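For reference, the structure is listed below as structure tokens.
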Amino acid sequence: MTTCEVRQMAYSETNPLANEFGFDVGGPLAAAWIALLRVVTGWWFFHSGVTKIIEGGLNFGYGPAYLQGMTGTALGPIPVWMGNNLAWLIKPGVPLFETLIGLALITGAAVRLASVGGAFFMTLFWVGNAGFGHGLVNSDLMGLLLFGTMIVLGAGRYFGIDGVLETTGIVDKYPKLRYLLG
Amino acid sequence: MTQLDIVEKVATAFSAGTILVGIVGLGLVETLTGKPFGAAPMTNDAGEVVATPTVDPAIRTGLVILGLVVLFGVGLYRMAATDAAGTDTRREVTAD
């Protein structure tokens, strides 16, 4: 076996995509690209959340009003109910959770759990913005799909803290934690 | 990682179907039935609506959200039914 073949084999052994996709996994490009997507998506949310905190603290008053205006959408009465009854949570929750979701993705910690939150946010943005002036497939839907991609690929394992966390004893003891990490 | 069982296969196919029908299938209908080609109503210079989409965007977004929720359910089902998520199976490979 040549040195080159050994290197190729080593990459395949360490790359979790090796048995999932047909593209070249002989190089580190796929793993680096997933990590890059994760960090950029994280920065997007972190910036959105932290600038709200800087401007208005944990009191995002537009949040409940936005949800109250979501009438006639595919989500039915749910957003309006949330806007009317969960303002106490939404006002601090929007800036706080956007920031935390962003930090989680940037560092690669608990990425799947954070991405579920991100997907929830993006669903409300996609349906709520609802102008669809540039079509149904807009940047909000792409953001939603990005969070789905983070969940499906376990993006925190690529140059992220989840890759380390999953080697710890507590994850060995409770392996289902991998569904929240990764 | 174990293969998808029959429940997961059916649910995944259903999700893919609803998402693709919502975005591509009904998008094609919207395109073929004339203006507006997208999911937003057409307005004139005065801002009056002169044409509305053939398919209510709430139906299309609803199909996509339904598909994503079912996919999320597949994840929860797998979490409940199996011991652990796929690992990256790192192993030392000696170059001998």
Side-chain angles (χ1 to χ4, degrees), chain A residues 1-3 5-20 31 72-76 112 116 119-120 122-123 126-128 130-138 140-141 144-145 147-148 151-154 157-158 162-163 166-167 171-172 174-182, chain B residues 1 3 12 15-16 18-31 36-43 52-53 55-69 71-96:
Chain A
M1 188 178 286
T2 66
T3 305
E5 283 171 331
V6 170
R7 282 193 186 136
Q8 294 265 329
M9 187 177 173
Y11 274 125
S12 294
E13 289 288 334
T14 56
N15 188 335
L17 288 177
N19 298 319
E20 306 288 338
T73 71
L75 296 174
R112 281 180 162 153
V116 169
F120 179 73
M122 289 315 303
T123 301
W126 181 48
V127 174
F132 301 125
H134 296 288
L136 206 74
V137 180
N138 55 21
D140 287 333
L141 176 61
L144 172 57
L145 296 181
F147 279 109
I151 295 169
V152 171
L153 296 184
R157 294 172 186 163
Y158 303 85
D162 283 338
E166 291 193 352
T167 63
V171 177
D172 282 340
Y174 302 103
K176 287 190 178 184
L177 282 173
R178 291 198 174 96
Y179 286 104
L180 305 179
L181 304 171
Chain B
M1 172 168 273
Q3 295 297 308
T12 306
S15 297
T18 56
I19 292 170
L20 290 175
V21 166
I23 293 176
V24 181
L26 294 179
L28 198 59
V29 170
E30 196 67 66
T31 305
F37 297 122
M42 272 183 70
T43 56
T52 54
V55 184
D56 186 342
I59 294 174
R60 297 180 65 192
T61 53
L63 283 168
V64 176
I65 291 168
L66 175 65
L68 293 174
V69 168
L71 267 185
F72 183 62
V74 170
L76 292 180
Y77 170 79
R78 173 155 282 238
M79 186 174 176
T82 60
D83 287 336
T87 62
D88 53 3
T89 60
R90 290 200 177 102
R91 291 203 300 270
E92 293 293 330
V93 178
T94 53
D96 56 357

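Note that the structure is predicted; figures quoted are calculated from it, not measured. Here is how names work: the chains are called A, B, and so on, in the same order as the sequence lines, proteins then strands, and each is numbered from 1.
Heavy atoms of Val171(A) lying under 4.5 Å from chain B are absent altogether. Neither the backbone nor the side chain of Ile151(A) has a heavy atom closer than 4.5 Å to any heavy atom of chain B. If you measure heavy-atom distances from Leu75(A) to chain B, the contacts under 4.5 Å come from the side chain alone. At a 4.5 Å heavy-atom cutoff, the contact between Phe72(B) and chain A is made by side-chain atoms alone.
Between Ile65(B) and Thr123(A), the closest side-chain pair of non-hydrogen atoms falls below 4.5 Å. Two residues are said to be in side-chain contact when any heavy atoms from C-beta on lie closer than 4.5 Å; Leu68(B) and Leu144(A) meet this criterion. Side-chain contact between Ile23(B) and Leu141(A) is present, with heavy atoms from C-beta onward closer than 4.5 Å.
When every heavy atom of Ala58(B) is checked against every heavy atom of Ala74(A), the shortest pair comes out as O-CB, 3.2 Å. Among all heavy-atom pairs drawn from Ala39(B) and Phe132(A), the shortest one is CB-CB, 3.8 Å.
Considering CD1 of Ile19(B) and CG of Leu145(A), their distance stands at 7.5 Å, rounded to 0.5 Å.
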